[in-house]
Amino acid sequence: MIPDLGEEEAQAAADAIRSGWVAQGPRVARFETEFAAAVGGGHGVAVSSCTTGLHLALVLLGLGPGDEVIVPSLSFIATANAVRYVGATPVFADVELATGNLTVETIDAVRTGRTRAVIAVHQGGVPFDTVALRKAADDWGVALVEDAACAAGSMAYGRPAGAEAGIAAWSFHPRKLITTGEGGMVTVASADDATRLKRLREHGMNVSAADRHASKQPVIEAYLETAFNYRMTDIQAAVGLVQLGKLSALVKQRRQLAARYQSLLADINGLIAIRDPAYGQTNYQSFWVLLDGFPVGRDEVLAELARKGVSARRGIMAAHLEPAYADVTPGPLPVTERITRESLILPLHHKLTEADQDHITGVLRELATR
Ligand SMILES: *Cc1c(COP(=O)(O)O)cnc(C)c1O
């Protein structure tokens with residue numbers, strides 16, 4: 001992933017600095033409103049990262065020790081870590097092969113009487129089945145949190161991914177489609193939840209520092225609960241506003257490049273390229289291919305691509321295989337383990353050319369005949 005940053009972002013950051021508002025201020029407020037509108041409504045609460053956004057979502061839900069939260073092991077490790085931040089227990093569920101996502105069945109297989117929430121990830125931008133998971137979560141009486149870190153611009157059932165949320169967390173890390181350097185957003189349906197989240201990100205204060213400084217009257221704030229400093233800066237939000245304006249064009253370009261990859265890869269035996277699920281469209285945040293009877297192992301494929309100047313990456317990680325989770329003994333996760341070991345992510349960014357794609361798929365075609 002190469003971030004699409006240019007002169008406009010540099011100018012916006014410079015303007016923020018010259019304005020004197022560098023901490024959370026009017027640009028953050030605008031970015032919250034515009035981002036929430038772009039991803040299907042609700043209220044936006046800007047935070048310092050998706051990870052801190054997930055943490056606040058679980059604080060908002062009141063989760064703590066003794067509570068279980070079902071997460072996919074197949075995800076960036078922050079998804080599971082957020083559960084531990086509140087002292088709750090992450091319980092790993094398997095995913096389906098076609099999308100890499102949790103399903104009603106894989107969640108149900110690990111659900112217990114202590115399950116209080118599910119964090120479902122839109123895997124690499126591929127939307128999970130929002131309608132099926134929403135209904136199941138409601139039937140079970142458990143909260144559904146969307147880890148939408150990779151999902152800006154993805155669609156499910158004709159609506160933006162994340163819109164089904166009670167609550168969704170987004171990332172603006174440079175590896176995602178749009179970036180603010182570091183940064184994140186929580187979107188929530190209820191105004192009361194947004195108010196509480198704004199308090200939680202800012203030391204539990206009943207009035208934001210931005211509002212206090214803007215007021216003509218002296219305002220004495222109160223600290224209503226023990227909370228955090230998870231604020232975004234106005235410099236970041238200035239960059240984010242410019243980036244947001246590029247989102248739909250970026251998604252369109254990625255989808256065209258992905259379609260071209262799919263047709264170039266179609267006649268190579270032993271490779272399955274990620275595609276849209278029946279109910280939606282991915283933004284192709286990650287374009288991954290699964291080896292399925294390919295004659296060469298995944299790590300060798302990566303090494304050969306590297307030798308030919310192509311920086312592909314391993315597929316999505318599995319948290320339960322990492323030392324940080326060595327103390328957890330999950331149930332069987334065969335699909336998770338298969339995807340993490342036998343998939344790779346091909347380069348897909350705004351500077352990728354058709355010649356690059358021909359070269360990359362050429363290396364794979366040659367390997368397929370070994
Ligand atoms: C990138 C990512 C995160 C973490 O995002 P940050 O903004 O870097 O904290 C969390 N979950 C998933 C699925 C991600 O891909």
Side-chain angles (χ1 to χ4, degrees), residues 1-3 28 31-32 35 39 44-59 69-86 90 92-93 95 99-102 117-128 130 133 144-154 156 161-162 165 167-187 197 201 228-233 236-237 239-240 243-244 254 274 282-288 313-320 322 324-325 336 339-340 343 345 348:
M1 189 81 209
I2 299 176
V28 167
F31 186 40
E32 290 173 335
F35 184 82
V39 298
V45 178
V47 286
S48 52
S49 69
C50 178
T51 305
T52 56
L54 288 170
H55 182 190
L56 293 192
L58 300 184
V59 173
V69 179
I70 295 173
V71 297
S73 169
L74 189 78
S75 181
F76 185 59
I77 200 161
T79 312
N81 285 350
V83 178
R84 285 186 162 174
Y85 296 164
V86 295
F92 293 124
V95 294
T99 64
N101 281 316
L102 295 181
V118 175
I119 305 178
V121 179
H122 297 289
Q123 203 74 255
V126 182
F128 63 78
T130 49
L133 261 59
L144 178 64
V145 176
E146 295 187 48
D147 182 337
C150 298
S154 296
I167 183 155
W170 309 80
S171 174
F172 308 122
H173 186 272
R175 271 167 99 148
K176 319 297 177 177
L177 248 66
I178 60 171
T179 184
T180 59
E182 293 279 358
M185 186 81 71
V186 183
T187 50
L197 286 166
R201 76 168 164 198
F228 310 91
N229 176 1
Y230 285 169
R231 286 173 295 207
M232 175 184 278
T233 70
Q236 291 170 298
V239 173
Q243 288 270 290
L244 186 60
R254 297 181 77 80
I274 186 65
T282 169
N283 59 8
Y284 289 107
Q285 156 77 51
S286 295
F287 185 86
W288 80 79
R313 289 190 293 127
R314 72 175 215 185
I316 298 161
M317 65 173 296
H320 78 282
E322 295 299 322
Y325 286 90
T336 297
I339 295 177
T340 198
S343 66
I345 296 172
L348 182 54

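All values below come from the heavy atoms of this structure, side chains included, with hydrogens, waters and symmetry mates left out. Counting convention: from 1, in listed order, for ligands and their atoms alike.
At distances below 3.5 Å, not a single donor-acceptor pair connects side-chain atoms of S286 with backbone N or O atoms of I345. Between the side chain of T79 and the main chain of F76, a donor-acceptor pair closer than 3.5 Å is present. Not a single donor-acceptor pair under 3.5 Å links the side chain of R314 to the backbone N or O of S343.
Close placement of the H122 and F128 rings is indicated, their centers lying within 6.0 Å of each other. Aromatic pair F31/F172: centroids less than 6.0 angstrom apart.
Between K176, Q285, H173, it is K176 that holds the heavy atom closest to atom 2 (C) of ligand 1.
By the criterion of a heavy-atom distance under 4.0 Å, both the backbone and the side chain of C50 are placed next to ligand 1.
Using a 4.0 Å cutoff on heavy atoms, C150 counts as a contact of ligand 1.
Between R231 and E32 there is no salt bridge, since no side-chain nitrogen of the basic residue lies less than 4.0 Å from a carboxylate oxygen of the acidic one.
Partner of T99 under the side chain to side chain contact (heavy atoms under 4.5 Å, CB included) criterion, out of L102, V95, N101: N101 alone.
Among protein heavy atoms, the minimum distance from atom 7 (O) of ligand 1 is reached at S171 OG, 2.7 Å. Protein heavy atom closest to atom 4 (C) of ligand 1, with residue, atom name and distance, is T51 OG1, 3.6 Å. Scanning the protein for heavy atoms near atom 12 (C) of ligand 1, the closest one is A149 CB, 3.4 Å.
In the vicinity of T79, heavy-atom distances shorter than 4.0 Å reach the ligand 1 atoms 11 (N). Per-residue contacts place V121 under 4.0 angstrom from the following atoms of ligand 1 (heavy atoms of the residue considered): 13 (C). Every atom of ligand 1 with a heavy atom of G183 under 4.0 Å away is listed here by number and element: 7 (O). Contact atoms of ligand 1 toward S75: 13 (C) (distance under 4.0 Å to a heavy atom of the residue).
For a threshold of 3.5 Å applied to N or O pairs, the pair formed by D147 and ligand 1 contains at least one separation below that value. Distances between N or O atoms of F172 and those of ligand 1 include no value under 3.5 Å.
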